[in-house]
Amino acid sequence: KHKAYAGSDGCHRADLSSFRLECFALWTAFGPDLRIMLVASYSAQITALLTMKTKHELELSDVKKIAAAAEAEALKHNWAVTIAIVDDGGHLLWLQRLDGSAPISAHMAPAKARSAALGRKDTKLFEDMINNGRTAFLSAPYVDGLLEGGVAIVKDGQCLGAVGVSGVKSVEDAQVASAGIAALGV
């Protein structure tokens, strides 16, 4: 969540407010001629601050909201499923196997989630691509959950991670995953 900013001593500051305070202190301490030199020396850092992108990420509270909403959707329909939530790199953040779900679903749900996160799109698109003849996609590395049920979590055009669900029909798996993501309001 935090970025580092270089100070006048070359050290990095933990946040933008301390960087701004240091700049203001230097600005007021020096006369107009030295201020021009300060602006020139800090111009690269100022440009970096203005152009630096913000990266959203899932927090534990987000993961818990997704999991609770997905579980509620599954229980509402009496579906025994496994729910997996991963970050944008496909790393497992949450795995929940509901009572009665098949043991294989504990492998399939994380695979679907990982494939959706790494591919930055729902696994339904991968399944359709393969079913329409692009079987070479089966050899793609790190994507082994190529069935519907992996849904990417996207905010402001960035993939934050994905939810993978397994245990019922693929379209129902996707419904549970989508219900979980909807709880975030993204």
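Just so you know, residue 1 is the first one in the sequence shown, and it goes up from there. Everything numeric here is computed off the predicted structure, so don't read it as measured data.
- Judged by distance alone, the side chain of Asp122 and the main-chain N or O of Leu125 form no donor-acceptor pair under 3.5 Å.
- Between the side chain of Ser101 and the main chain of Arg97, no donor-acceptor pair closer than 3.5 Å is present.
- A donor-acceptor contact shorter than 3.5 Å is absent between the side chain of Asn78 and the backbone of Leu75.
- The side-chain heavy atoms of Pro110 and Leu95, taken from C-beta on, include a pair separated by under 4.5 Å.
- For the side-chain hydrogen bond (donor to acceptor under 3.5 Å, both in side chains) condition, the pairs that include at least one residue of residues 144-169, sequence neighbours left out, are His56-Asp156, Arg114-Asp144.
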Exercise for the section: Applying side chain to side chain contact (heavy atoms under 4.5 Å, CB included), run through Leu160 and Asp88 and close with a yes or a no. Expected result: CA-CA 5 Å; Leu160 310 182; Asp88 61 339; 5.8 Å; no

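- Taking 4.5 Å as the limit, every side-chain heavy atom of Val165 sits out of range of all side-chain heavy atoms of Thr82.
- A single hydrophobic cluster is not seen to contain both Leu118 and Leu58; linkage of ILVMFWY side chains at heavy-atom distances under 4.5 Å, directly or through other members, places them apart.
- Residues Ile66 and Ile153 form a side-chain contact, since some pair of their non-hydrogen atoms from C-beta on lies under 4.5 Å apart.
- Linking Ile, Leu, Val, Met, Phe, Trp and Tyr whenever their side-chain heavy atoms come within less than 4.5 Å leaves Ile83 and Val86 in two separate clusters.
- Trp94 is linked by a side-chain hydrogen bond (donor to acceptor under 3.5 Å, both in side chains) to Gln96, counting only residues two or more places apart in sequence or in another chain.
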Quiz: residues 175-184 side-chain donor-acceptor pairs under 3.5 angstrom, not counting sequence neighbours:
from, atom 1, to, atom 2, distance (Å)
Gln175, NE2, Glu73, OE2, 2.6
Gln175, NE2, His77, NE2, 3.2
Ser178, OG, Ala174, O, 3.0

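- When every heavy atom of Ala162 is checked against every heavy atom of Ala152, the shortest pair comes out as CB-CA, 4.0 Å.
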I'd like a table of donor-acceptor pairs (distance under 3.5 Å, sequence neighbours excluded) in which one partner is a side-chain atom from residues 129-141, with atom names and distances.
from, atom 1, to, atom 2, distance (Å)
Asn131, ND2, Glu127, O, 3.4
Asn132, ND2, Asp128, O, 3.0
Ser139, OG, Ala136, O, 2.7

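- Nearest heavy atoms, Trp79 versus Leu98: O-CD1, 3.9 Å.
- Identified under the salt bridge (Lys or Arg N to Asp or Glu O under 4.0 Å) test for residues 177-186, with sequence neighbours left out: none.
- More than 12 heavy atoms of other residues, nucleotides or ligands shown are found within 6.0 angstrom of CG on Leu92.
- Contact of the Leu147 side chain with the Lys112 side chain is registered, since non-hydrogen atoms from C-beta on lie closer than 4.5 Å.
- No donor-acceptor pair under 3.5 Å is formed between the side chain of Ser115 and the backbone N or O of Val143.
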Handout entry: Derivation of the side chain to side chain contact (heavy atoms under 4.5 Å, CB included) call for Leu146 and Thr123
Key = CA-CA 6 Å; Leu146 300 174; Thr123 54; 5.7 Å; no

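- In the hydrophobic clustering of this structure, Val186 groups with Val63; members are Ile, Leu, Val, Met, Phe, Trp, Tyr whose side-chain heavy atoms approach within less than 4.5 Å, directly or through other members.
- Note on residues 144-186: no pairs pass ring-ring contact (aromatic ring centres under 6.0 Å, His included), not counting sequence neighbours.
- No donor-acceptor pair under 3.5 Å is formed between the side chain of Asp87 and the backbone N or O of Gly161.
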